[in-house]
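Letters A, B, ... are given to chains in the order of the sequence lines, protein chains preceding strands, and every chain is numbered from 1.
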Amino acid sequence: MTIEERIVNAVQAGVTALYSMEANASQVQLQKTKAEFEGHLTVVVFPFVKAARKSPEQVGEELGKYLAENLGDVVEKYNVVKGFLNLVVSDAPWVELLNKINSDEQFGFKPVTASSPLVMIEYSSPNTNKPLHLGHVRNNLLGAALARIVEANGNKVVKTNIVNDRGIHICKSMLAWLKWGNGETPESSGKKGDHLIGDYYVLFDKHYKAECDELSKQYMAEGMDADAAKEKAKQEAPLIKEAHAMLVKWEKNDAEVRALWRKMNEWVYAGFDETYKMMGVSFDKIYYESDTYLEGKEKVMEGLEKGLFYKREDGSVWADLTGEGLDEKLLLRSDGTSVYMTQDIGTAKLRFQDFPIDKMIYVVGNEQNYHFQVLSILLDKLGFKWGKDLVHFSYGMVELPNGKMKSREGTVVDADDLMAAMIEDAYKASEDKMKTLDMDEDEAREVARKVGLGALKYFILKVDARKNMLFNPEESIDFNGNTGPFIQYTYARIQSIMRKAKEQGINIPESLNTDVKISTKETELIQKLNQFEAAVRQAGIDYSPSGICNYCYELTKQFNQFYHDFTILGEQNEAVKVFRLSLCKAVAMVVKNGMGLLGIEMPERM
RNA sequence: GGUCCGGUAGCUCAGUUGGAUUAGAGCAACAGCCUUCUAAGCUGUGGGUCAAGGGUUCGAAUCCCUUCCGGAUCACCA
């Protein structure tokens, strides 16, 4: 039983004995004592004053006395301020707690067993016509972190990715490549496949725009008003017509178009793989829209037969969700082709065939909140048991100082460029340091990679996911303050201490003696360490990687203050020295576990 | 217009199931600290009507209502 649990139990027993009040555990509010008061833990007595019919101060005194008498091995002394009962916990329980933390490499994680629920997490979901940008980075980092957090809470996790590999946007790139590409390949140009295809997508758009401008001028000369002319030009431009023709050919399985499509998609996948690898992101199962986009139709027809949906005169199929307070939603076009929603139903069907899913989490931007509200209802109606409480992990946009990212206006931050720049910055920022640490070039580059990516990941994950966030590329990302590198740096310093302790032949025993005299600062650190478990649980409930970030930062900051106030290796008292080293060890392990959940690697030196 | 989500220091953000006369970090500014376990660090100063108003109660940044501002969404686009 933990210290907290023992106190809570004792308080429950206390109010029953003193005031004949049955208090459940949630009524006993136990919190960390504020720094300006003496004590470790504080009991809030307000919930009991009514039953006691006494002043909060009186209740605090009585309860404090009761605890001191009945829980003497834990509560050393107490004091009462207003309605708050501050408890000073004796040393031995803290040492026991530290021993417990240090005895478990997987501290804070729940084991996954055969009977654990299976949670599928979908994230990334790229289009194959352009490279990944900063928005995708947020998606990928959130998705991957979430997968680890959910797993750390004792669930089986399947990470999945649905690749949008078909549609008009792909045809645009293909057409541009045919027209102006001269057979350029990733090998011949030295470009990454996804960037190569992205370039042709942009090229298409440039030519298309030029055609539109010219055409709309022509229409206006013929007497059309400006808006109508623009609209018509968009549809009548030869390039878009050609792209549409290509899409039709693709749907009809035209051998030539399909071969080109496959070839170009392969280039893109090779490019994505590199980006994913650099980001440290992976998937257990990848679905392709070209395989799933027809699947949904069948399910929709099934629902139509069951009377869940209805057909309009023109042959289109709709779901009436006005009963749920939503609108009517199109599921099949009048020509029988599927829409976005139909595809997601189809993908759900395939996934459920492949895995016994208990819970589904979709990591998708908040612009699709409505879509997932509808999808949840539809999947539920269609009989998917996880449909009703599917989770749309909805995250906000990444904005730039001058507004949103727009790929056509060239105001995107490319994922590959960004990661490379971060790593380079980290390398430059630490060149002097690496010399003094006597690192060779390889190690220096490896450290820079961990630090640069750590900075980027932490920067993105520390912000509450559902909020829009601002990214300023010029100012780039700081390596000081509340950042990934700050935490990594602290870790590296602890590792350095541990190495030196080893050189000096100091052994840290598995289990410390409980008769060490320890200071308040030290107990505060142990308390903080012990909160890791709660932080992981909470993150699993809220789906909040940012909660883990905050925890890691607070722990690290606290350790840094400790580090400057205390000597560790220079400590004269051998027992205290060993105790502090043991504390260092625990901090390092917990920080590494926490940052590991975020996908951030910890360098042993930096 | 309907629905959903945001609004906390000059800037970027925290703020646990409502808790402590003083709402926290980081950046930026200013002042200190490297003969001492890694200064990517530590200490201090300045900076706030928690968008506004009302309500609930021992107690509100947090819960409820109204208003204001910002964003998203409401397609036979994906």
Side-chain angles (χ1 to χ4, degrees), chain A residues 26 29 31 33-34 36-37 42 44 46 49-50 55-56 81-84 86 125 127 164 166-169 289 293 312 314-318 325-327 329-341 343-344 365-371 373-374 394 396-397 399 401 404 426 429-430 433 436-437 451 455 459 462-464 466-472 475 478-490 492-501 504 531 534-535 538 541-542 546-547 549-550 553-554 557 560-561 563-571 580-581 584 605-606:
Chain A
S26 64
Q29 292 180 45
Q31 51 193 248
T33 304
K34 297 274 174 194
E36 52 275 33
F37 303 105
T42 297
V44 184
F46 287 114
V49 296
K50 225 169 207 175
S55 72
V81 180
K82 289 187 166 184
F84 298 90
N86 303 319
S125 312
N127 290 346
N164 184 4
R166 58 167 282 278
I168 189 72
H169 51 284
E289 223 179 81
Y293 83 109
R312 284 190 184 167
D314 60 6
S316 54
V317 177
W318 295 72
L326 304 173
D327 301 325
K329 191 78 193 173
L330 177 82
L331 297 178
L332 285 178
R333 295 195 190 100
S334 49
D335 62 4
T337 56
S338 55
V339 293
Y340 182 36
M341 189 61 72
Q343 290 168 27
D344 261 348
N366 62 10
E367 74 272 12
Q368 294 192 32
N369 284 355
Y370 183 71
H371 174 82
Q373 211 180 332
V374 173
S394 161
M397 323 248 119
E399 284 163 7
K404 282 179 200 167
S430 64
K433 195 145 209 179
T436 61
L437 286 172
V451 172
F459 178 84
K462 80 171 171 186
V463 180
D464 182 1
R466 74 206 134 121
K467 288 186 182 172
N468 289 358
M469 63 177 290
L470 190 80
F471 178 81
N472 190 336
E475 290 174 15
D478 230 321
F479 292 137
N480 306 317
N482 185 357
T483 64
F486 168 76
I487 298 169
Q488 289 169 317
Y489 177 61
T490 304
R493 270 189 350 230
I494 295 176
Q495 293 311 311
S496 172
I497 290 179
M498 300 309 274
R499 280 191 297 270
K500 289 197 169 147
Q504 292 176 21
Q531 284 165 17
Q538 195 59 40
I541 292 166
D542 303 341
S546 65
C549 287
N550 288 330
Y553 176 64
E554 279 168 23
K557 190 171 168 59
N560 263 300
Q561 290 163 2
Y563 181 91
H564 282 268
D565 289 353
F566 289 85
T567 49
I568 299 168
L569 292 172
E571 172 63 41
R580 287 185 182 158
L581 280 169
C584 284
R605 304 199 289 169
M606 68 181 269

Exercise. For A/F566, answer base if it contacts any base atom (sugar-phosphate contacts may also be present), sugar-phosphate if it contacts only those atoms, and nothing otherwise; contact means non-hydrogen atoms under 4.0 Å.
Key: base
Practice problem: Determine whether any donor atom in the side chain of A/S334 lies under 3.5 Å from an acceptor atom in the base of B/C76, or the reverse, and answer yes or no. | Solution: yes
Self-check item: For atom CG of A/N482 and atom P of B/G15, their distance in whole Å
Solution: 12 Å
Quiz item: Going by heavy atoms in the side chains, are A/T567 and A/R580 under 4.5 Å from each other?
Solution: yes
Quiz prompt | Test: A/R493 cationic atom under 6.0 Å from A/Y563 six-membered ring centre, within 45° of axis | solution = yes
Quiz item: Has A/F84 got its ring stacked on B/A20, by the test of a centre gap below 5.5 Å and a plane angle below 30°?
Solution: yes
Quiz item: Given the C1' atoms of B/C50 and B/A61, what is the spacing between them in whole Å?
Solution: 5 Å
Quiz item: Hey, does A/A535 reach any base, or is it just sugar-phosphate, or nothing, if we go heavy atoms under 4.0 Å?
Solution: nothing
Quiz item: When the distance from CG of A/N468 to P of B/G71 is rounded to whole Å, what number comes out?
Solution: 10 Å
Quiz item: Contact class for A/Q29 vs. all strands (heavy atom < 4.0 Å): base, sugar-phosphate, or nothing?
Solution: base
Exercise. Could you work out which one of B/A78, B/U38, B/C37 sits closest to the side chain of A/Y489?
Key: B/U38
Quiz item: Just checking A/R466: base, sugar-phosphate only, or nothing, at a heavy-atom cut-off of under 4.0 Å?
Solution: sugar-phosphate
Self-check item: Any residue meeting side chain to side chain contact (heavy atoms under 4.5 Å, CB included) with A/V81, in chain and number order, not counting sequence neighbours
Solution: A/F37, A/N79, A/N86
Practice problem: Find the distance A/Q538:CD to B/A14:P and express it as a whole number of Å. | Solution: 15 Å
Quiz item: Under 4.0 angstrom, heavy atoms only, what part of the nucleic acid is A/Y370 near: base, sugar-phosphate, or nothing?
Solution: sugar-phosphate
Quiz item: Counting side-chain heavy atoms from CB outward, which of B/U38, B/G41, B/C76 is closest to A/S316?
Solution: B/C76
Quiz item: Of the nucleotides B/A78, B/C37, B/C76, which has the atom closest to the A/Y563 side chain?
Solution: B/C37
Exercise. Determine whether A/T337 and A/L332 make a side-chain contact, defined as any pair of heavy atoms from C-beta on separated by less than 4.5 Å.
Key: no
Quiz prompt | Touch class at under 4.0 angstrom, heavy-atom based, for A/V49 against every strand present | solution = nothing
Quiz item: Nearest to the side chain of A/K557, which nucleotide is it out of B/U43, B/C74, B/C76?
Solution: B/U43
Practice problem: In whole angstrom, give me the gap between the P atoms of B/U3 and B/U66. | Solution: 11 Å
Exercise. Send over the distance from A/L326 CG to B/U3 P, rounded to a whole Å.
Key: 12 Å
Practice problem: Using a 4.0 Å heavy-atom cut-off across all strands, classify A/T490 as base, sugar-phosphate, or nothing. | Solution: nothing
Quiz item: A/M397 or A/V44: which one's nearest nucleotide on RNA chain B is closer to the 5' end?
Solution: A/V44
Self-check item: A/R333 side chain near B/C77 phosphate (N/O to OP1/OP2, under 4.0 Å)
Solution: yes
Quiz item: Do A/F46 and A/K82 come within less than 4.5 Å of each other through their side chains, counting heavy atoms only?
Solution: no
Self-check item: Heavy-atom check, side chain of A/M469 versus side chain of A/E399, under 4.5 Å
Solution: no
Self-check item: Proximal nucleotide (of B/U38, B/C27, B/A78) relative to the A/D478 side chain
Solution: B/C27
Practice problem: Report yes if at least one side-chain N or O of A/K462 is closer than 4.0 Å to OP1 or OP2 of B/U12; otherwise report no. | Solution: no
Practice problem: Sticking with atom P, work out how far B/G19 lies from B/U62, rounded to a whole angstrom. | Solution: 10 Å
Quiz item: Going by atom types only, do A/E289 and A/Y340 share a side-chain donor-acceptor pair under 3.5 Å?
Solution: no
Quiz prompt | Pairwise side-chain contact, A/L330 with A/S316, heavy-atom cut-off 4.5 Å (strictly under) | solution = yes
Practice problem: May I ask you to verify whether the side chain of A/T42 and the base of B/A20 hold a donor-acceptor pair under 3.5 Å? | Solution: yes
Quiz item: Tell me: CZ of A/F459 to P of B/C11, nearest whole Å?
Solution: 16 Å
Quiz item: What residues form a ring pair (Phe, Tyr, Trp, His ring centres under 6.0 Å) with A/F479, not counting sequence neighbours?
Solution: none
Exercise. Kindly label the base of B/C34 as syn or anti, based on whether its glycosidic torsion lies within 90° of 0.
Key: syn
Quiz item: Of the nucleotides B/U38, B/A78, B/C27, which has the atom closest to the A/Y340 side chain?
Solution: B/A78
Exercise. Please measure how far the P atom in B/A31 lies from the corresponding atom in B/C69, and state the result in whole Å.
Key: 43 Å
Quiz item: Side-chain N or O of A/Q561 less than 4.0 angstrom from OP1 or OP2 on B/U43?
Solution: yes
Quiz item: Does A/Y553 lie flat on the base of B/A25, that is, centres under 5.5 Å apart and planes under 30° off?
Solution: no
Practice problem: Could you check whether A/E289 gets within reach of a base, just the sugar-phosphate, or nothing at all, counting any heavy atom under 4.0 Å? | Solution: sugar-phosphate
Self-check item: B/A29 and B/G46, which share atom name C1', separated by this distance in whole Å
Solution: 9 Å
Quiz prompt | Selected nucleotide, minimal atom distance to A/I568 side chain, candidates B/A14, B/C37, B/U38 | solution = B/C37
Practice problem: Would you mind classifying the nucleic acid contact of A/D335 as base, sugar-phosphate or nothing, using non-hydrogen atoms under 4.0 angstrom? | Solution: nothing
Exercise. Answer yes or no: is there an ion pair linking A/D335 with A/R333, defined by an N-O contact shorter than 4.0 Å?
Key: no
Self-check item: Polar contact flag, side-chain donor to acceptor under 3.5 angstrom, A/E554-A/N550
Solution: no
Quiz item: Checking all strands, does A/L470 fall into the base, sugar-phosphate, or nothing category for heavy-atom contacts under 4.0 angstrom?
Solution: sugar-phosphate
Practice problem: Rounded off to whole Å, could you give me the CG-to-P distance for the A/D542 and B/A14 pair? | Solution: 13 Å
Quiz item: Taking the side chain as C-beta and beyond, is there a heavy-atom pair between A/Q343 and A/S338 under 4.5 Å?
Solution: yes
Exercise. Quote, to the nearest angstrom, the P distance that separates B/U17 from B/C13.
Key: 22 Å
Self-check item: From B/A78, B/C42, B/U38, nucleotide with atom closest to A/H564 side chain
Solution: B/C42
Practice problem: Look at the side chain of A/N560 and decide which nucleotide, out of B/A78, B/U38, B/C42, has an atom nearest to it. | Solution: B/C42
Exercise. For A/D344, report the nucleic acid contact type (base, sugar-phosphate, nothing); a contact means any heavy atom under 4.0 Å.
Key: nothing
Quiz prompt | Nucleotide-level pairing of RNA chain B, given in dot-bracket where Watson-Crick and G-U pairs need both distances under 3.5 Å and | marks other strands | solution = (((((((..((((.....[....)))).(((((.......))))).....(((((..]....))))))))))))....
Quiz prompt | Interatomic distance where CZ belongs to A/F46 and C1' belongs to B/U17 [whole Å] | solution = 17 Å
Quiz prompt | P gap between B/C65 and B/G2, integer Å | solution = 16 Å
Quiz item: Expressed as a whole number of Å, how far does the P atom of B/C4 sit from that of B/U67?
Solution: 14 Å
Quiz item: A/K329 side chain N/O closer than 4.0 Å to the phosphate oxygens (OP1, OP2) of B/C76?
Solution: no
Quiz prompt | Rounded distance (Å) that lies between atom P of B/A78 and atom CZ of A/R166 | solution = 7 Å
Exercise. Using heavy atoms to find the nearest nucleotide of RNA chain B for A/R605 and A/S546 separately, return the residue whose nucleotide is more 5′.
Key: A/S546
